[in-house]
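This report concerns only the one structure given below.
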Amino acid sequence: MSNYYFVIVGHKDNPIYEQEFSSHRNADVKKEDHRHLNQFIAHASLDLVDEHMWNTSSMYLKTVDKFNEWYVSAFVTASKIRFIILHNIRNEDGIKSFFNDVYEVYIKFSMNPFYVINSPIKSSNFERKIQLFAKRNLNV
Amino acid sequence: MSKQANKSFDNKKLVGELFTLTYGALVTQLIKDFEKDEDVNKQLEKMGYNIGVRLVEDFMSHSNTGKCQDLRETAEILSKVAFKMYLNITPTVAKWSPANDEFSLILDNNPLVEFVELPDEHREINYSNILCGAIKGALEMLQMEVLTWFPKDSLKGDDVTELRVKFVRRLTDALPAGED
């Protein structure tokens, strides 16, 4: 019963892209409540992410925070865009390869001259790719 | 030895990416400056025209082609020599009209549009319009008046990008159109 909440955070702490994944098919009712909680947890962990990013030279920051049963893992790109993922099951390898795949797609997407950095990502192409990576790496 | 080979390969690719990014920045700025998509298209064609009239001299000096006898030869030289020299692609020449005065260049990998996705508000932009203008300008310097346009564009959902060239007439009084 693994749930994941993935968010790409811009430079002004604004969410650029959010997506939830769950291995459970019928958790819709609960999800409405969890949406606000997920945003809150992710936002709260941003300070810790900012602290950790200067201590390490790699982009993947592993697990930076824990809230009740939710772990928060982070990945910081070269342009300081933060990928945050909330999960209730430890899955370091899966999350690490998920982050790397997302990073590659994000780079290609940001090379589009019409995309303004830090603006919300609305492309359905991008969304489909993220869902494919989640299926492949996180088994959802 | 292999290190050197790697370096030169990366360099070409990086220069190509710089070119693509520069063109993308140009189009984005044009969109910001002009409100309407048709104005952007017109401006891109004008810029292409100015490039074309100057580029043709450079092309003639670097390639050893003499005069072309007819439009078919012109089309072949355009696709196999000119495009190859400047963009490193060879579009296919196809769809000749029955009167042999119109043809299409099918561009299957256009370096200008790598990574580009047209936003929804600007669906009418002919992103590669600069190519249309360049061909028009270059052929005008060679005393041929042509019309160029894009019947198909991969950024708008079609499977390939098609540039159509139509020969209008031979120019006898060699005064180029005013550059305004």
Side-chain angles (χ1 to χ4, degrees), chain A residues 6-21 57-60 75-83 97-137, chain B residues 10-41 43-44 47-48 87 107 109-131 150 153-159 161:
Chain A
F6 172 63
V7 59
I8 302 185
V9 186
H11 294 137
K12 299 212 168 67
D13 293 348
N14 51 324
I16 295 176
Y17 179 78
E18 292 172 272
Q19 183 75 48
E20 288 171 8
F21 307 106
S57 64
S58 74
M59 296 197 212
Y60 177 51
F75 181 97
V76 184
T77 71
S79 57
K80 300 288 176 254
I81 298 284
R82 293 158 288 189
F83 298 166
S97 48
F98 175 72
F99 276 149
N100 280 322
D101 287 335
V102 175
Y103 186 37
E104 276 202 35
V105 190
Y106 178 76
I107 293 177
K108 291 207 183 91
F109 189 78
S110 61
M111 294 269 262
N112 181 6
F114 294 110
Y115 173 66
V116 179
I117 309 274
N118 278 332
S119 66
I121 296 180
K122 300 238 164 46
S123 152
S124 55
N125 210 6
F126 186 79
E127 199 177 310
R128 247 182 299 133
K129 290 212 180 100
I130 303 289
Q131 279 169 347
L132 177 71
F133 294 143
K135 243 186 237 126
R136 205 193 299 163
N137 296 314
Chain B
D10 279 341
N11 206 18
K12 272 201 197 129
K13 190 161 181 282
L14 291 175
V15 171
E17 277 186 11
L18 178 63
F19 175 62
T20 308
L21 289 174
T22 310
Y23 186 67
L26 175 83
V27 178
T28 328
Q29 193 58 41
L30 278 178
I31 291 181
K32 285 199 193 118
D33 290 342
F34 295 97
E35 316 271 306
K36 300 209 207 115
D37 289 351
E38 310 99 64
D39 291 339
V40 177
N41 288 339
Q43 198 65 20
L44 278 175
M47 293 165 73
L87 293 174
L107 301 113
N109 58 334
N110 186 357
L112 294 174
V113 306
E114 265 185 67
F115 309 121
V116 178
E117 253 182 63
L118 272 184
D120 292 326
E121 318 85 67
H122 299 287
R123 289 231 151 265
E124 297 302 310
I125 300 265
N126 291 331
Y127 192 84
S128 312
N129 224 24
I130 207 163
L131 295 176
F150 280 108
D153 194 345
S154 59
L155 290 180
K156 295 189 184 160
D158 302 312
D159 43 352
T161 306

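Reminder, nothing fancy here: chain letters follow the sequence lines and each chain counts from 1.
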Is there a side-chain contact between A:I117 and A:S79 (heavy atoms, below 4.5 Å)?
-> no
Taking C-beta and beyond as the side chain, do A:M59 and A:N100 meet within less than 4.5 Å on heavy atoms?
-> no
Can I get a per-line list of side-chain donor-acceptor pairs under 3.5 Å for residues 122-136 of chain A, giving both atom names and the distance, sequence neighbours left out?
| from | atom 1 | to | atom 2 | distance (Å) |
| --- | --- | --- | --- | --- |
| A:S123 | OG | A:N125 | N | 3.2 |
| A:S123 | OG | A:F126 | N | 3.2 |

Among residues two or more places apart or on two chains, list those pairs meeting salt bridge (Lys or Arg N to Asp or Glu O under 4.0 Å) that have a residue in residues 110-129 of chain B.
-> B:D120-B:R123
Could you note down all residue pairs passing salt bridge (Lys or Arg N to Asp or Glu O under 4.0 Å) where residues 7-18 of chain A supplies at least one of them, sequence neighbours left out?
-> A:D13-A:R82
Quick check, are the ring centers of A:Y17 and A:Y106 under 6.0 angstrom apart?
-> no
Counting a contact as any heavy-atom pair under 4.5 Å apart, which residues of residues 27-34 of chain B contact chain A?
-> B:V27, B:T28, B:I31
